[in-house]
Structure formats: C-alpha cells, structure tokens
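The block underneath contains the structure these notes are about, expressed in structure tokens.
Only a predicted model underlies this, so the values are computations on that prediction, with no experimental measurement involved. All values below were derived from every heavy atom in this structure, side-chain atoms included, with hydrogens, water molecules and symmetry-related copies excluded. Chain letters run A, B, ... following the sequence lines, proteins first and then strands; every chain starts at 1.
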There are 2 protein chains.
Amino acid sequence: MAEKRLSLHLDFRSGLPIYAQIVEQIQSQLANKILKPGDQLPTVRALAQELRVNFNTVARAYRLLDEARIISTQQGRGTYILEIPPPQVTEKLRRESLEALTRRFLNEAIRMGFSEREVSQMVRDRLKSVKEAKAGEKE
Amino acid sequence: MAEKRLSLHLDFRSGLPIYAQIVEQIQSQLANKILKPGDQLPTVRALAQELRVNFNTVARAYRLLDEARIISTQQGRGTYILEIPPPQVTEKLRRESLEALTRRFLNEAIRMGFSEREVSQMVRDRLKSVKEAKAGEKE
DNA sequence: GTCTCGATTGTACTAATTGTATCATTGTAA
DNA sequence: TTACAATGATACAATTAGTACAATCGAGAC
C-alpha cells in the first residue's frame, strides 16, 4: 500500500501539454518532499483513469522522468521514485515551480485589469485568512 | 468535450474578408456571453467544413484572436476561450473575480507545499519585476 | 518445490486529431 | 499590367489515443 494518492491538478486549457503538467507536478512534489525515494507511483493506467486521460499520456510523463533518472519504471512491476535530486537541484526546482505558478497568476490578474496594488493587497488579505484558518483548525 | 456549435453566418458578398467576419462574430458572441471563458471552439477543420471555407482561413481568424489574447490555440489539442478582462463590471464583481483568482493561486501553492512566507515573498519579487519591466518599456 | 496461467504492469508502434508554415492561386484595385 | 490582400493546397509538427505485446508476480494445481 505504498503508492500515494498523488493528487495532481490538470488544467486542460492551459497551454501546457498534459504530459508536461504531470512531469512538472511530480517534480514539484518531489522537491517539496511530498514524494520520497522508494515511493511507488500509481500505475500508468490508474493515474490515467483518475486524470481522465489516455494512459499513454501518463506513460510519456513517466518516461521523461525516467530518462531524467528521477523515477524508475519497471515493466510488469510498477514505477518508483528513485532518488531525490541533490538539495541544490530541489531548491532550484522548488523555486522555479513557485515562480512559474506566481507568474501565471500575476499575468492573469494584470491582464484582467487589476493594478499591482490591488493584487498585492488581495494576496495579503487571503494569506491572512489562510493563516487564521490554520490556527483555528488546531483546536 | 463541450465545444459549441458556434453558429456563424458569413456573407461572402460583403466586402469584409471571411477571416475578419469570423473574428468579429466570435468576439460578438463573447460579448453577448454566448461564448464563455474555457469554452472549446470547434477545430479549424470542423468550423471550416461547416462554413464551407478553407481551414486556413479559420486558422487565420484563430491566430488573430490568439494574438489578441482572446483565445488560446494549442497544436494537437484545440482552441479555447481565455479568461477575458471583465469589461466594466461592478466593483463588487471585480473584487470577487480577483478574490477567486487569488484563492485558486494560494490553494495551489499551499497544496504544493510552499509556506505562506515563501509565497508572499515570491509575489513581492514578481510584482517588483513586473513594475520594473513596465517602467523599462516606456523608453 | 515448480509449473501454469491469468492479472497487472510498462513498452512499442501506429493512427487520429489538432494547429502551423509555406507557397500557389485568385481576384481586385491602382 | 502590376501589386497586394484574401483564400486555397499541401506538407508538417505536436499531442493524444488505440492496439498489441512483453515482463513480472501471485495464486493454485500438482
């Protein structure tokens, strides 16, 4: 029962191909230690069903990660996290994934006509309520 | 998927080029809420067949709309309506749409394992470079 | 123990569907 | 005629889907 639920969120309308989104999010979860060496990933078919995509699309993502020596795919057995990349790399990945996400958010907001001031104020507000919610749920 | 029938009416005798008529009518349906952000448009070939025109003509219209940031065309996948700048909505709606966007962004970032501090720092950084870029392009 | 067989897993190859790029053709106006 | 914009034809590239196959494992039969 080692395999994770691996909650990935695809955006079918973002310009990024599905397979790239899968790669990116797995790398990100790796950099954030949500995934650890030895963890088994869902099978290509299971993940494909969950994401409602063709299993070859998942297989493509896994193949890319395999070629990058991040996971090990073994025919007939499954797919496992090989190793966490060295700290410098994970830190870089972490930063890059956050930066990409933030950039998308800001571009969208600005394109929708919001001023930088409005955006930054809203982020502060929402962050504050996130923090309060977190404090509350500790009971 | 849920792509619309997109009933367009071309006038081959009006001086207006076909591609311009397509652009115009899609924009109009967007303004009239017949098309909504996220909707998938017909493929260039499907729409071309329906309108009895060459698919390059449709592709040209799509390209113009893409350049205007109204739609997003993705090779191998399809064409989608982008989020559009809400034209002159009430202050309340404006605020709500920014809040929704921000909430999605923060949820995603936190789900990916970033701390509130990291997120807020990154937002500050990116906003700063947006501002600088804007200052720079004024020459 | 080990053999067999079926279920499960990833792989390989191909097909289908999508938009893109480039050049040719056509029609119209100067 | 010449120039140019609009449209069409053709080839291409990227993404995803379909199908068949090979490797592995485990449950039973013996």
Integer-rounded Å distance: dT11(C) P and Y62(A) OH:
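Y62(A) atom OH is separated from dT11(C) atom P by 11 Å.
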Is the phosphate of [N], meaning OP1 or OP2, less than 4.0 Å from a side-chain N or O of [X]?
| X | N | value |
| --- | --- | --- |
| Y19(B) | dA6(D) | yes |
| T73(B) | dT20(C) | yes |
| R77(A) | dC25(D) | yes |
| T57(A) | dA17(D) | yes |

Pair of N/O donor and acceptor under 3.5 Å linking dA6(D) base with N56(B) side chain
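Not at all, since no donor on one side and acceptor on the other fall under 3.5 Å apart.
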So does R45(A) reach the base of dG10(C) with its side chain, donor to acceptor, closer than 3.5 Å?
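Side chain to base: pair found, below 3.5 Å.
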Base, sugar-phosphate, or nothing for R60(A), non-hydrogen atoms under 4.0 angstrom?
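If one applies the 4.0 Å heavy-atom cut-off, R60(A) turns out to touch a base.
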Just compare dA6(D), dT9(C), dA17(D) and give me whichever is closest to any side-chain atom of N54(A).
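From the listed options, dA17(D) comes nearest.
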Nearest to the side chain of T43(A), heavy atoms from C-beta on, is which of dT9(C), dT7(D), dT11(C)?
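Closest nucleotide to the T43(A) side chain: dT9(C).
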Any carboxylate oxygen within less than 4.0 angstrom of a Lys/Arg side-chain nitrogen, looking at R103(A) and E99(A)?
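Salt bridge: yes.
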Knowing that exactly one of D39(A), I70(A), I71(A) qualifies, which makes a side-chain contact (heavy atoms from CB on, under 4.5 Å) with L30(A)?
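That would be I70(A); it is the only one of D39(A), I70(A), I71(A) passing the side-chain contact (heavy atoms from CB on, under 4.5 Å) with L30(A).
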Other residues, nucleotides and ligands only: do more than 12 of their heavy atoms fall within 6.0 Å of CD on E96(A)?
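It does: E96(A) CD has more than 12 such atoms within range.
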Take R52(B) and G76(B), find for each the nucleotide of DNA chain D with the closest heavy atom, and name the residue whose nucleotide sits nearer the 5' end.
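With R52(B) and G76(B) compared, the 5'-side residue is R52(B).
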